[in-house]
Amino acid sequence: MSTESADLQAQEPAGWQAQKSAATRNLIVEAAIKCFVELGYAQTTTTAIAEKAGLSRGAMLHHFPSKIDIVRAAVEYLHGKRLKAFRKAIQRPGPVQGDRVRQAVEAYWAHVRHPMFVAFFELSVAARTDKELAAILLPAQEAFEREWYKTAREVFPEWEGRDDAFDVALDLSRYVMEGMAVSFLTHKETERDKKLLRYLEEKLRELLSKSPGA
C-alpha cells in the first residue's frame, strides 16, 4: 500500500467522526430550541434536552458539558437560521405579483410566527433576570441586529436613497409585527389583526413614495 493510500484511509475515519459529531451537536441544539418553545427556558434541563434529542444525558454532555454551553450554541444557531429564513422569504415570489411591500410584510409576518422566533422571545424574557444568559444573548443579539439590517438593505434596493424613510419603515414593521406575534402567544388571530397588517402596508407605501431627502 502506498503512503498516499494509507494517509487517505487514516483521514476517512477522522472526517466521518467529525461529520457525525457535528450532526449530533445540531441534533442537541435543535432539541434544546424545541424545549425552549414547549417547556420554557426555566423548565428546560439537560435531561429534558437529551430526551428530546433521543440521547443519553452522558452522551449529550460529551458534546456540551453544561446547559449554558447548549444555550450558547442554540443562540448562534437561531440567529443564523433566522437570517437565512428571512432572506429566503423575501426573495420568494410574493402573493401579489410585483407588490414588494405586500411581499415584505407577509415574509416578516411568517418569520415572527415561526417557532424559531418563539424560542428567541423565550430566551429574551429569561435573560431579563438571568445574568449568565444575558451575557450570551445580548452581544449575540447586537451582532444579529447588524446583520439583519445589512440583509434588509440588500434585499430592498428600491429604498436606495431613502435612508431615513427606510429606517422608519424597518422599525415600524418590526415593532408592530413582533408585538403582534408576542400577543398571539396568548390569543388567537382575528380579522382585526389582518386589517392592522394591511394598514401597516399602507404606511410603508407612503414612506416608500417619499422622494430622497424629503
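Residues meeting the ring-ring contact (aromatic ring centres under 6.0 Å, His included) test with Tyr199, sequence neighbours left out: none. Remark: Glu145 pairs with Gln141, Arg174 by the side-chain hydrogen bond (donor to acceptor under 3.5 Å, both in side chains) rule, at least two apart or across chains. Residues passing the side-chain contact (heavy atoms from CB on, under 4.5 Å) test with Thr47, sequence neighbours excluded: Thr45, Glu51, Arg57. Under the rule for a side-chain contact (heavy atoms from CB on, under 4.5 Å), the partners of Leu138 that lie at least two apart in sequence or sit in another chain are Ala134. For Thr186, there are no side-chain contact (heavy atoms from CB on, under 4.5 Å) partners two or more places apart in sequence or in a different chain. Under the side-chain hydrogen bond (donor to acceptor under 3.5 Å, both in side chains) criterion, Arg198 pairs with Glu106, Glu201, sequence neighbours left out. Partners of Lys203 according to the side-chain hydrogen bond (donor to acceptor under 3.5 Å, both in side chains) rule, which considers only residues two or more places apart in sequence or in another chain, are Glu206. Not counting sequence neighbours, the partners of Ile136 by the side-chain contact (heavy atoms from CB on, under 4.5 Å) test are Ile68, Arg72, Val75. Every residue meeting the side-chain hydrogen bond (donor to acceptor under 3.5 Å, both in side chains) condition with Thr190, not counting sequence neighbours, appears here in chain and number order: Asp193. With sequence neighbours left out, the ring-ring contact (aromatic ring centres under 6.0 Å, His included) criterion links Phe121 to no other residue.
Annotation for Thr46 and Ser66: closest pair CG2-C, 4.4 Å, computed over non-hydrogen atoms. Minimum heavy-atom separation, Val155 to Glu158: O-OE1, 4.4 Å. Of all non-hydrogen atoms in Ala169 and Trp159, the two that sit nearest each other are CB-CH2, 3.6 Å. Considering every non-hydrogen atom in both Trp109 and Ala181, the closest pair reads CZ3-N, 4.0 Å. The two residues Ala165 and Leu207 make their nearest non-hydrogen contact at CB-O, 3.7 Å. Closest heavy-atom contact between Ile49 and Ala31: O-CB, 3.7 Å.
When atom types are taken as modelled, the side chain of Arg82 and the backbone of Phe117 share no donor-acceptor pair closer than 3.5 angstrom.
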Check residues 32-42 and write down every donor-acceptor pair under 3.5 Å in which the side-chain atom is one partner and the other belongs to a residue at least two apart or another chain.
from	atom 1	to	atom 2	distance (Å)
Glu38	OE1	Lys52	NZ	2.8

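Rounding to the nearest 0.5 Å gives a distance of 8.0 Å between CG of Leu55 and CE of Met60. The CG atom of Asp69 lies 8.5 Å from the CZ atom of Arg25; values are rounded to the nearest 0.5 Å.
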### Query
Would Leu78 and Phe144 count as a side-chain contact (heavy atoms from CB on, under 4.5 Å) if you check the C-alpha gap in whole Å, the side-chain angles of each, and the deciding distance to 0.1 Å?
CA-CA 10 Å; Leu78 269 174; Phe144 173 79; over 6 Å; no

### Task
Would you check, one step at a time, whether the test side-chain contact (heavy atoms from CB on, under 4.5 Å) holds for Met177 with Val105?
CA-CA 9 Å; Met177 287 191 276; Val105 169; 4.1 Å; yes

### Message
Would Arg153 and Asp163 count as a salt bridge (charged side-chain N to carboxylate O under 4.0 Å, His left out) here? Give the steps.
### Response
CA-CA 10 Å; Arg153 293 305 299 256; Asp163 292 352; 2.8 Å; yes

### Task
Give the C-alpha distance, both sets of side-chain angles, the deciding distance and a yes or no for side-chain contact (heavy atoms from CB on, under 4.5 Å) between His79 and Phe120.
CA-CA 9 Å; His79 286 341; Phe120 166 73; 3.9 Å; yes

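More than 12 heavy atoms of other residues, nucleotides or ligands shown are found within 6.0 angstrom of CD on Glu154. At most 12 heavy atoms of other shown residues, nucleotides or ligands fall within 6.0 angstrom of atom CD in Glu132.
When the side chains of ILVMFWY residues are joined at heavy-atom separations under 4.5 Å, either directly or via intervening members, Tyr175 and Tyr108 end up in two distinct hydrophobic clusters.
Listed by first and then second residue, the ring-ring contact (aromatic ring centres under 6.0 Å, His included) pairs that reach into residues 44-70 come to none, sequence neighbours excluded.
Proximity of Val168 to Asp164: side-chain heavy atoms (C-beta onward) are nowhere separated by under 4.5 Å. Counting heavy atoms from C-beta outward, Leu197 and Met180 have side chains that approach closer than 4.5 Å.
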